[in-house]
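Only heavy atoms go into these numbers, but all of them, side chains included; no hydrogens, no water, no symmetry mates. Sequence positions, counted from 1, serve as the residue numbers for this chain.
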Amino acid sequence: MAKTLKVDVVTPEKIAFSGEVERVIAPGIEGSLGVLPGHAPLLTELGTGPVVLKRGGQVIELAVSEGFLEVMPQKVVILAETAERAEEIDVARAQVALERAQAELECARDRQQHAQALAAVRRAANRLHVVEDYRKRKPERAGRLPQVH
Ligand code: ATP
């Protein structure tokens, strides 16, 4: 059996990642979902969370929000509303977005406003979480990124 699988992480704006990996971990709506080469075909919904790709001791992590994961015989496609690699995340922007969304959550007047604010909190918190993980893995590069509070 092949030792790697092709993975494409795609949004309406861009291809956030495309390449061969040994393992995919994605944020299923009922918990984290792992995919190895030879996995049975699958189509499932994704929530907002980290996508972790492992390849030869290397870890590539992306912050992904809402989408689908499809496992096909030859490849895995993650189609998401947004996806950023850890190195691309603007920390200051995510912090501002988190504070704004938390304030919106507190004064939400109906279910729709509440759901929108909660989704925005999750997107921003996920981006900050992915940056934190990246810093832990690559402390030598952490100096280049502003602190996450
Ligand atoms: P903001 O209020 O800062 O726009 P948001 O969660 O509402 O945050 P999204 O609607 O999820 O933003 O994303 C809009 C676009 O901006 C997408 O292309 C997404 O990849 C990008 N983006 C959002 N936040 C960041 C960030 N902190 N760093 C890098 N790219 C980001």
Side-chain angles (χ1 to χ4, degrees), residues 1-102 104-105 114-149:
M1 192 190 295
K3 287 195 175 133
T4 60
L5 40 83
K6 169 99 192 301
V7 180
D8 289 340
V9 183
V10 182
T11 73
E13 293 172 354
K14 64 181 181 186
I15 299 171
F17 177 87
S18 182
E20 295 284 331
V21 304
E22 287 154 9
R23 184 175 184 165
V24 179
I25 302 166
I29 44 173
E30 286 172 12
S32 152
L33 182 81
V35 180
L36 294 167
H39 194 290
L42 172 78
L43 176 61
T44 190
E45 202 176 335
L46 294 182
T48 293
V51 164
V52 181
L53 306 172
K54 296 192 174 171
R55 179 173 63 190
Q58 194 194 353
V59 176
I60 297 149
E61 191 165 356
L62 300 100
V64 165
S65 66
E66 320 231 340
F68 294 90
L69 174 145
E70 184 168 14
V71 182
M72 291 172 272
Q74 304 304 332
K75 69 172 182 175
V76 173
V77 176
I78 292 175
L79 189 61
E81 283 184 11
T82 66
E84 305 92 39
R85 282 177 72 142
E87 311 89 296
E88 297 167 353
I89 293 172
D90 178 334
V91 175
R93 176 175 167 181
Q95 282 168 336
V96 169
L98 180 62
E99 282 169 26
R100 186 177 54 233
Q102 283 169 333
E104 284 168 4
L105 191 59
H114 186 271
Q116 278 175 356
L118 191 57
V121 166
R122 288 190 175 137
R123 290 196 301 275
N126 179 42
R127 289 178 175 125
L128 295 174
H129 166 84
V130 165
V131 171
E132 273 294 285
D133 271 2
Y134 180 78
R135 280 174 206 282
K136 283 184 199 144
R137 280 197 314 277
K138 304 219 180 234
E140 74 281 5
R141 299 203 190 163
R144 291 205 236 140
L145 297 164
Q147 286 295 311
V148 176
H149 300 294

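For the pair H114 and L105, the minimum side-chain heavy-atom distance is below 4.5 Å. Looking only at side-chain heavy atoms (C-beta outward), L98 and V96 stay at 4.5 Å or farther from each other. Between E70 and L42 there is no side-chain heavy-atom pair separated by less than 4.5 Å. Taking 4.5 Å as the limit, every side-chain heavy atom of L69 sits out of range of all side-chain heavy atoms of L43. With a 4.5 Å cut-off on side-chain heavy atoms, V51 and I25 do not count as touching. At least one side-chain heavy atom of V91 sits less than 4.5 Å from a side-chain heavy atom of R135.
When all heavy atoms of A40 and V71 are compared, the pair lying nearest together is O-CG1, 3.7 Å. Minimum heavy-atom separation, A86 to V131: O-CG2, 4.2 Å. Nearest heavy-atom pair across P50 and P27 is O-CD, 3.4 Å. A pairwise comparison of heavy atoms in A94 and L128 identifies CB-CD2, 3.7 Å as the closest pair. Closest heavy-atom contact between A83 and T11: N-CG2, 3.5 Å. The two residues L62 and R85 have their closest heavy-atom pair at CD2-CG, 3.6 Å.
Shown are V9, I78, L33; of these, the side chain to side chain contact (heavy atoms under 4.5 Å, CB included) with V24 is made only by I78.
Every residue two or more places apart in sequence or in another chain that forms a side chain to side chain donor-acceptor pair (under 3.5 Å) with T82 is listed here: S65, R127. Take S18 and apply the side chain to side chain donor-acceptor pair (under 3.5 Å) test, not counting sequence neighbours, and it matches D8. With sequence neighbours excluded, the residues satisfying side chain to side chain donor-acceptor pair (under 3.5 Å) with E20 are T4. Remark: R122 engages no residue in a salt bridge (Lys or Arg N to Asp or Glu O under 4.0 Å) (not counting sequence neighbours). Every residue two or more places apart in sequence or in another chain that forms a side chain to side chain contact (heavy atoms under 4.5 Å, CB included) with L36 is listed here: R23. Considering only residues two or more places apart in sequence or on other chains, E88 meets the side chain to side chain donor-acceptor pair (under 3.5 Å) condition with K14.
For the atom pair CD1 of I29 and OG1 of T48, the computed distance is 11.0 Å after rounding to the nearest 0.5 Å. Between the CG atom in D133 and the NZ atom in K138 there is a gap of 13.0 Å [rounded to 0.5 Å]. Taking CG of L118 as the reference point, atom CD of E104 lies at 12.0 Å (rounded to 0.5 Å). Rounded to the nearest 0.5 angstrom, Q58 CD and K54 NZ are separated by 12.5 Å.
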Self-check item: Worked verdict on F68 versus L46 for side-chain contact (heavy atoms from CB on, under 4.5 Å)
Solution: CA-CA 5 Å; F68 294 90; L46 294 182; 5.8 Å; no
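Under the 4.0 Å criterion applied to side-chain N and carboxylate O atoms, E61 and R137 are assigned as salt-bridge partners.
Using modelled atom types, one side-chain atom of E22 and one backbone atom of G56 make a donor-acceptor pair closer than 3.5 Å.
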